[in-house]
Amino acid sequence: MGQKKQRLLEAKRHQSPPDGTRTSYPKEPRLEPPTTLGPQRSIYFSSLKGRPARLGSEFFDQPAVSLARAFLGQGGANPAPSYAEQVLVRRLDDGTELRGRIVETEAYLGPEDEAAHSRGGRQTPRNRGMFMKPGTLYVYLIYGMYFCMNVSSQGDGACVLLRALEPLGGLEAMRQLRHTLRKGVAGRALKDLELCNGPSKLCQALAIDKSFDQRDLATDEAVWLERGPLGPSEPAVVAAARVGIGHAGEWALKPLRFYVQGSPWVSVVDRAAKRNTQARAKASRDEDF
DNA sequence: ATTTGGATTACCT
DNA sequence: GGTAATCCAAATG
């Protein structure tokens, strides 16, 4: 009931931060600028003051939890005072660039993490990417039909799963990719919110498949990471239990999933965290009076 | 050589 | 809230 309303309120709040500049979510499907020709600007430099937009290997060389938060624009190895949420960019063969701000991640810590594919130090042909240098992609097939995309971090067998993006560019191409790659023939058009709000959905939307396994996010021509626009402050990040790992005992409960608080683009909102947030918000409202 | 199950999604009641 | 879909690869014999 109040569920939907709450979500709208959250979206709205996040849409219009008090001081404006940080984030703005499109109110309606936005038509993309022409994507017919090759890049109209360099892949490596954005218009932002000549600052290199592409993140290099050093960014990925931090522990999994730190990297998982850094993807969301929080602390970590970002040179202060840079509080940028990171943008994943995928350049299709025809030159179309698809962009999405990373809003949800999960950290997998390596051998000791019972929920990780690398648990117990298992190293197999499939999960080799987890053990390669930070910034290496680990893409694997799940449930026989979907892909998940991870980025290797510092630490043996540690990596970060990308779980959700806020689509920023190439939305129509994403919609088409999702439409054609989706299993059902069925066909209502997907809402913007449905494009990238899940680990396998974002892989479909960006046309990421097994062929991207073990590629280097720092140097690959078809996929890379850019610093988003700088914000005045770090985004609020929620830490919650990871999704879809019923087994793994105590490890299933650890707060190793991270998402941008209040973002409507997140795949799963943590109920407990949400209640706490509301309680805090209410408390601070009450204090204001 | 066989068996088992999954870091999910979409559609059902 | 429940569950079918779908197949690779890890685990086991």
Side-chain angles (χ1 to χ4, degrees), chain A residues 1 3-4 64-65 67-69 71-72 88 102-131 136-153 155 157-165 167 174-214 238-259 265-271:
Chain A
M1 297 294 117
Q3 187 86 340
K4 189 171 184 181
V65 168
L67 180 60
R69 304 189 92 116
F71 278 139
L72 307 182
L88 185 65
I102 299 175
V103 297
E104 182 183 356
T105 58
E106 279 178 4
Y108 287 85
L109 305 192
E112 76 270 26
D113 185 347
E114 282 301 313
H117 290 170
S118 54
R119 62 186 170 281
R122 287 173 174 79
Q123 188 169 353
T124 65
R126 180 180 66 150
N127 71 7
R128 173 118 201 289
M130 296 180 84
F131 294 85
T136 304
L137 296 183
Y138 167 42
V139 179
Y140 66 91
L141 180 69
I142 180 129
Y143 295 107
M145 55 188 120
Y146 300 116
F147 294 99
C148 286
M149 175 184 192
N150 302 260
V151 183
S152 176
S153 71
C159 69
V160 175
L161 171 71
L162 303 185
R163 284 197 57 93
L165 307 177
M174 290 183 188
R175 210 183 314 278
Q176 186 145 359
L177 280 161
R178 287 269 289 128
H179 183 79
T180 54
L181 292 174
R182 226 167 20 148
K183 62 170 182 182
V185 194
R188 77 179 206 286
L190 292 167
K191 298 169 189 162
D192 290 358
L193 280 171
E194 299 172 302
L195 292 176
C196 300
N197 63 336
S200 298
K201 294 178 186 176
L202 76 85
C203 284
Q204 281 185 346
L206 299 191
I208 299 287
D209 61 19
K210 189 79 174 167
S211 72
F212 283 77
D213 188 38
Q214 298 181 20
V238 176
R242 292 173 292 184
V243 175
I245 47 171
H247 54 90
E250 57 174 312
W251 281 92
L253 303 175
K254 293 183 186 287
L256 292 173
R257 184 167 67 96
F258 305 95
Y259 61 85
W265 307 100
V266 165
S267 71
V268 179
V269 172
D270 189 74
R271 301 192 102 222

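In what follows, every chain begins at residue 1, and chains take the letters A, B, ... in the order their sequences are listed.
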Given Watson-Crick and G-U pairs under 3.5 Å, DNA chain B in dot-bracket ([ ] crossing, | other strand) is ||||||.|||||.

Non-neighbouring partners of A:Phe71 that pass ring-ring contact (aromatic ring centres under 6.0 Å, His included), sequence neighbours left out: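 A:Phe71 satisfies ring-ring contact (aromatic ring centres under 6.0 Å, His included) with A:Phe59 once adjacent residues are dropped.
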
Next item on the list: Could you tell me which residues satisfy ring-ring contact (aromatic ring centres under 6.0 Å, His included) with A:Phe212, sequence neighbours excluded, listed by chain and number?
Entry: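 Counting only residues at least two positions away or on another chain, A:Phe212 forms no ring-ring contact (aromatic ring centres under 6.0 Å, His included).
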
Partners meeting side-chain contact (heavy atoms from CB on, under 4.5 Å) with [X] (sequence neighbours left out):
X: A:Ser152; value: A:Thr136
X: A:Ala241; value: none
X: A:Arg122; value: A:Arg119
X: A:Leu141; value: A:Phe147

query: Below 4.5 Å, heavy atoms only, C-beta onward: do A:Ser153 and A:Tyr108 meet side chain to side chain?
result: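 No, every pair of side-chain atoms sits at 4.5 Å or beyond.
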
side-chain hydrogen bond (donor to acceptor under 3.5 Å, both in side chains) partners for A:Arg126, two or more places apart
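None.
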
Nucleotide N/O of nucleotides 2-4 of chain B paired with protein N/O under 3.5 Å:
none

- Task: Scan residues 194-206 of chain A for pairs that pass salt bridge (charged side-chain N to carboxylate O under 4.0 Å, His left out), counting only residues two or more places apart or in two chains.
- Result: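 Counting only pairs at least two positions apart or across chains, the salt bridge (charged side-chain N to carboxylate O under 4.0 Å, His left out) contacts touching residues 194-206 of chain A are A:Arg188-A:Glu194.
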
Could you list, one pair per line, each protein nitrogen or oxygen that sits under 3.5 Å from a nitrogen or oxygen of nucleotides 9-13 of chain C, together with the distance?
{"unit_1": "C:dA10", "atom_1": "OP1", "unit_2": "A:Thr124", "atom_2": "OG1", "d": "3.0"}
{"unit_1": "C:dA10", "atom_1": "OP1", "unit_2": "A:Arg126", "atom_2": "N", "d": "3.3"}
{"unit_1": "C:dA11", "atom_1": "OP1", "unit_2": "A:Arg122", "atom_2": "NE", "d": "2.3"}

